[in-house]
Q: 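One structure, as structure tokens, below. Some questions next.
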Amino acid sequence: MFPDFEREVKDCLREGVEKVEENGDIPINPHDKIADISSTVSFKVAKRDKKDPRDVAEDILKHLIAIKERYYLIGKIDAVGPYLNFYTSKKFLSETLKKVLSEREEYGSLHYRGTILLEHTSANPDGPIHIGHIRNSIIGDSLGRILKKAGYDVEIQYYVNDMGRQVAVVAWGMERFALDQDKKIDHGISKIYAGANKLLGADAFRKEEVDSLLKRFEDGDGVTIKRFDNLVSRCLEGIRSTLDGMNISVDKFVRESQFVFNGDVNSIISSLKDERYAYYEDGALMMDLGEFGFEKDFVVTRGDGTSLYPTRDLAYHAWKSERCDRMIDILGADHKLISSQLKVILKILGYKEPEIVIFEFVSLPEGSMSTRMGKFISVDELLEKTEEQAYLEVDKRRKDLNEEEKRKISKFISIGAVRYDIVKISPDKATTFNWRDALDFEKRGSPYIQYAHTRACSILNKGGSYDEPDLDLLREEQEIKLIKKISRFPLAVKEATKDLRPNIIATYARELAEQFGQFYKDIPVLNAPNGLKNARLALVDAFRIVVNNVLQLLGIHAPKYM
RNA sequence: GGGCGCGUGGCCCAGUGGAUAAGGCGACGGCCUCCUAAGCCGUAGAUCGGGGGUUCAAAUCCCCUCGCGUCCGCCA
């Protein structure tokens, strides 16, 4: 409903401001600090006419008042100093609730169109995913859900690096170390990978063995390919089960090697060598991207003509480019340079450019993580510990529940807590992981929002069904504030979609739950007189629907009780 | 050395051109005969790293500077 109000305010302003002969953009601010929407046009007009913006605001206000009756979602309009403030009408409030109650889980959906290929995670299959990778997965998964809500047709892809040097190192290590059968497969592989790296050290001879393994793979040697494929598939199985456990789904795992074997990489290389930016150095094909602002040249092939990861990535993006309207990649900060070079080269070749969402690193108090060194905290371990902690919290409060129920609750609380803690942080903030915060459930994170949902469910459960509510009875401050917050959900979806920032949804979810908390405290529902009770039940139901929809966008379970 | 990002109360963090800088943790003080206290209310705590500039208006834009992170040709 808020977008409709926004449109009315814009139309109304345009009409009113024309009277003072101003045509350009009409600036409005939807923030709810003071009014529901405010406008700063007065400054603009005042500057042009060299007048006091406060006088201009008064002047415009007169015109607005005269026409405002035709805008049924606008209630009060006033001018505070130079600011023109718009407030929603009573009609707006009841229309908002009607819309939520009829659209249900569709509420908040927008009408954007097109297909998007969203790539996220794409962690190398050399071990389990750790708390750095999961930031990628959570941002990507949440964004995917948000973009679907916005109306896009979204396919999630995980690009599998199945022929990189790390895979060769694991394959090499497999022959020298026994796989720990007690461990989850990706953890077992990680141990071998770290062990192999240690053994390789600076040993040139051993490194040559790894190189020749890689060469045999690229030359299409059946046995080597099978070995690589086997361990990549098994590692991926482990990664996939971790992702599943966090409500993260991937539509397609795309293997890097397919672009080498089907000739795509070679055709990219031959197109590139005909470009005027191309040159050879010691047998390696290079691209001078100086005119695009890159100091360092881009290396397309090794001296021996074999391809490098960025070149194979180019082939992957060229392939994606022909299968969608938009490509979005979620990448760690270490890919900033390479991804902007990739964009430029795709453009040179005439392909679509991906939109890149960069997130900064997650480090440990003792420094950065490294799969190669075996120095990381895995997502499996994080979930295990948070679930354990969540169990203590559940057990403390719900002695009445049986073991199975308590386990079930601890599980969705811990998944939600982890997801929320990560998604709420702006992607461009580097963070340091610490156990104290990760295991703290006494803050306004996911459990708080889930709890608001359970309270609403509990009221609805006890209140029974309601019929034909007279929504105009909802006149208390906390009722109105809650409805207004509910009305802004589509706005949050729109902003998160436009900026590709899922943390906007996380903030909205918290604000929505906070508003319900205040409502809950001040407004009795079950003990209210009949008509009012009916209307309030409808409001609680509307809140329940919206908080459920928001949690859905964050991949967090909305429980009926906890 | 260069590029990019970040710097907001003791700690974490939202806000990226407009009004009184939003929350959380921690601290202090209140609220359960009443829909789950995983809650609600209140108090203390911020020269938005520092300096200069643009603007009617700057945490937000520009320049300089300091600190941290990250990247900088045959790894991925």
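Below, chains carry the letters A, B, ... as their sequence lines are ordered, and counting in each starts from 1. Hydrogens, waters and symmetry mates play no part in the numbers below; they use all other heavy atoms, side chains included.
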Q: Expressed as a whole number of Å, how far does the C1' atom of B:A21 sit from that of B:C4?
A: 27 Å
Q: Using a strict 4.0 Å threshold on nitrogen-to-oxygen distance, state whether A:K336 and A:E360 make a salt bridge.
A: yes
Q: Just call it for A:R501: base, sugar-phosphate, or nothing, with non-hydrogen atoms closer than 4.0 Å on any strand.
A: sugar-phosphate
Q: Please report the distance separating the C1' of B:C62 from the corresponding atom of B:A19, rounded so that it comes out in whole Å.
A: 25 Å
Q: Please confirm whether the shortest side-chain N or O distance from A:R455 to OP1 or OP2 of B:A37 is below 4.0 Å.
A: yes
Q: Taking the side chain of A:L526 as heavy atoms from C-beta outward, which of B:C56, B:C35, B:A38 is closest to it?
A: B:C35
Q: Quick check on B:G7: syn or anti? Syn means the glycosidic torsion is within 90 degrees of zero.
A: anti
Q: What is the nucleic acid contact for A:Y520, judged by heavy atoms within less than 4.0 Å: base, sugar-phosphate only, or nothing?
A: base
Q: Looking only at heavy atoms, which two atoms of A:A456 and A:F543 are closest? And how far apart?
A: CB-CD2, 3.8 Å
Q: Would you mind building the protein contact string for nucleotides 3-8 of chain B? One character per nucleotide, 5' to 3', B for base within reach (heavy atoms under 4.0 Å), S for sugar-phosphate only, - for untouched.
A: -BSSS-
Q: Using the P atom as the reference point in each nucleotide, state the distance between B:A38 and B:G45 in Å, no decimals.
A: 30 Å
Q: What about the rings of A:F433 and A:F361, do their centers lie closer together than 6.0 Å?
A: no
Q: Under 4.0 Å, counting only non-hydrogen atoms across every strand here, what does A:N461 touch: a base, just sugar-phosphate, or nothing?
A: nothing
Q: Tell me which pairs pass ring-ring contact (aromatic ring centres under 6.0 Å, His included) where either residue lies in residues 284-316 of chain A, with sequence neighbours left out.
A: A:Y159-A:Y316, A:F259-A:Y316, A:Y277-A:F292
Q: Heavy-atom contacts under 4.0 Å between residues 388-398 of chain A and RNA chain B, which residues?
A: A:V394, A:R397, A:R398
Q: Which of the following nucleotides, B:C41, B:A14, B:A76, is nearest to the side chain of A:K521?
A: B:C41
Q: Is the phosphate of B:C40, meaning OP1 or OP2, less than 4.0 Å from a side-chain N or O of A:Y448?
A: yes
Q: As a check on the pairing definition, encode RNA chain B in dot-bracket form, counting Watson-Crick and G-U wobble pairs whose two distances are under 3.5 Å, and using | for partners outside this strand.
A: ((((((((.[[[..)..(....]]].(((((.......))))).....[[[[[..)....]]]]])))))))....
Q: Which of parallel (below 30°), tilted (30 to 60°) and perpendicular (above 60°) describes A:F376 and A:H130?
A: tilted
Q: Less than 4.0 angstrom from a charged side-chain N to a carboxylate O is my criterion; do A:E393 and A:K396 meet it?
A: yes
Q: How would you label the contact of A:D288 with the nucleic acid (heavy atoms, under 4.0 Å): base, sugar-phosphate, or nothing?
A: nothing
Q: Between B:A58 and B:C63, how far apart are the two C1' atoms, rounded to whole Å?
A: 15 Å
Q: Could you tell me whether the phosphate oxygens of B:C41, OP1 or OP2, come under 4.0 Å of any side-chain nitrogen or oxygen in A:Q518?
A: yes
Q: Answer with base, sugar-phosphate or nothing: what part of the nucleic acid does A:G303 contact at a heavy-atom distance below 4.0 Å?
A: base
Q: Under 4.0 angstrom, heavy atoms only, what part of the nucleic acid is A:I523 near: base, sugar-phosphate, or nothing?
A: base
Q: We want to know whether A:H317 and A:D329 form a side-chain donor-acceptor pair, criterion being a heavy-atom distance below 3.5 angstrom.
A: yes
Q: Select base, sugar-phosphate, or nothing to describe what A:N503 touches, counting heavy atoms under 4.0 Å on all strands.
A: sugar-phosphate
Q: If we take the P atom in both B:U54 and B:A14, what is their distance in whole Å?
A: 31 Å
Q: Please indicate yes or no: is the ring centre of A:Y83 less than 5.5 Å from the centre of the six-membered base ring of B:A19, with the two planes inclined by under 30 degrees?
A: yes
Q: Is it the case that more than 12 heavy atoms not belonging to A:R54 sit under 6.0 Å from its CZ atom?
A: no
Q: Does NZ or CZ of A:R372 lie under 6.0 Å from the centre of the six-membered ring of A:Y193, at an angle within 45° of the ring axis?
A: no
Q: Base, sugar-phosphate, or nothing for A:L308, non-hydrogen atoms under 4.0 angstrom?
A: sugar-phosphate
Q: Looking at A:D219 and A:R216, is any side-chain nitrogen of the basic one under 4.0 Å from a carboxylate oxygen of the acidic one?
A: no
Q: Please confirm whether A:R455 makes a cation-pi placement over A:Y520, using NZ or CZ under 6.0 Å from the six-membered ring centre and within 45° of the ring normal.
A: yes
Q: With heavy atoms under 4.0 Å as the rule, sort A:I413 into base, sugar-phosphate or nothing.
A: base
Q: With a 3.5 Å cut-off and just heavy-atom distances, do the side chain of A:S426 and the base of B:A14 make a donor-acceptor pair?
A: no
Q: Check each of A:I523, A:L482, A:L460 against A:V540 using the side chain to side chain contact (heavy atoms under 4.5 Å, CB included) test, and report the only one that passes.
A: A:L460
Q: Applying a 4.0 Å non-hydrogen cut-off, can you work out what A:R312 is touching in the nucleic acid: base, sugar-phosphate, or nothing?
A: sugar-phosphate
Q: Please say whether more than 12 non-hydrogen atoms of neighbouring residues, nucleotides or ligands are located less than 6.0 Å from NZ in A:K560.
A: no
Q: Strictly below 4.0 Å, N to O, side chains only: are A:K485 and A:D32 in salt-bridge contact?
A: yes
Q: Looking only at heavy atoms, what is the nearest atom pair of A:I413 and A:A390, with distance?
A: CG2-CB, 4.0 Å
Q: What does nucleotides 21-27 of chain B look like as a protein-contact string, B for base, S for sugar-phosphate only, - for none, at under 4.0 angstrom between heavy atoms?
A: --SSS--
Q: Using a cut-off of 4.0 Å on non-hydrogen atoms, how would the nucleic acid contact of A:Y561 be classed: base, sugar-phosphate, or nothing?
A: base
Q: Could you tell me how far B:C11 sits from B:G29 if I compare only their C1' atoms? Round to whole Å.
A: 22 Å
Q: Work out how far the P atom of B:C48 is from that of B:A22, and round it to whole angstrom.
A: 14 Å
Q: Are the side chain of A:Y158 and the backbone of A:A123 linked by a donor-acceptor contact shorter than 3.5 Å?
A: yes
Q: Using residues 491-505 of chain A as the side-chain source, report each donor-acceptor pair under 3.5 Å to any protein atom, sequence neighbours left out, with the distance given to one decimal.
A:
| from | atom 1 | to | atom 2 | distance (Å) |
| --- | --- | --- | --- | --- |
| A:T497 | OG1 | A:V493 | O | 2.7 |
| A:R501 | NH2 | A:S426 | OG | 3.1 |

Q: Rounding to the closest angstrom, what is the interatomic distance between B:U20 and B:C6 at atom P?
A: 26 Å
Q: Does B:C31 sit syn or anti, given that only angles within 90° of 0 count as syn?
A: anti
Q: Quick check, does A:F43 stack with B:A57? I mean ring centres under 5.5 Å and planes off by under 30°.
A: no
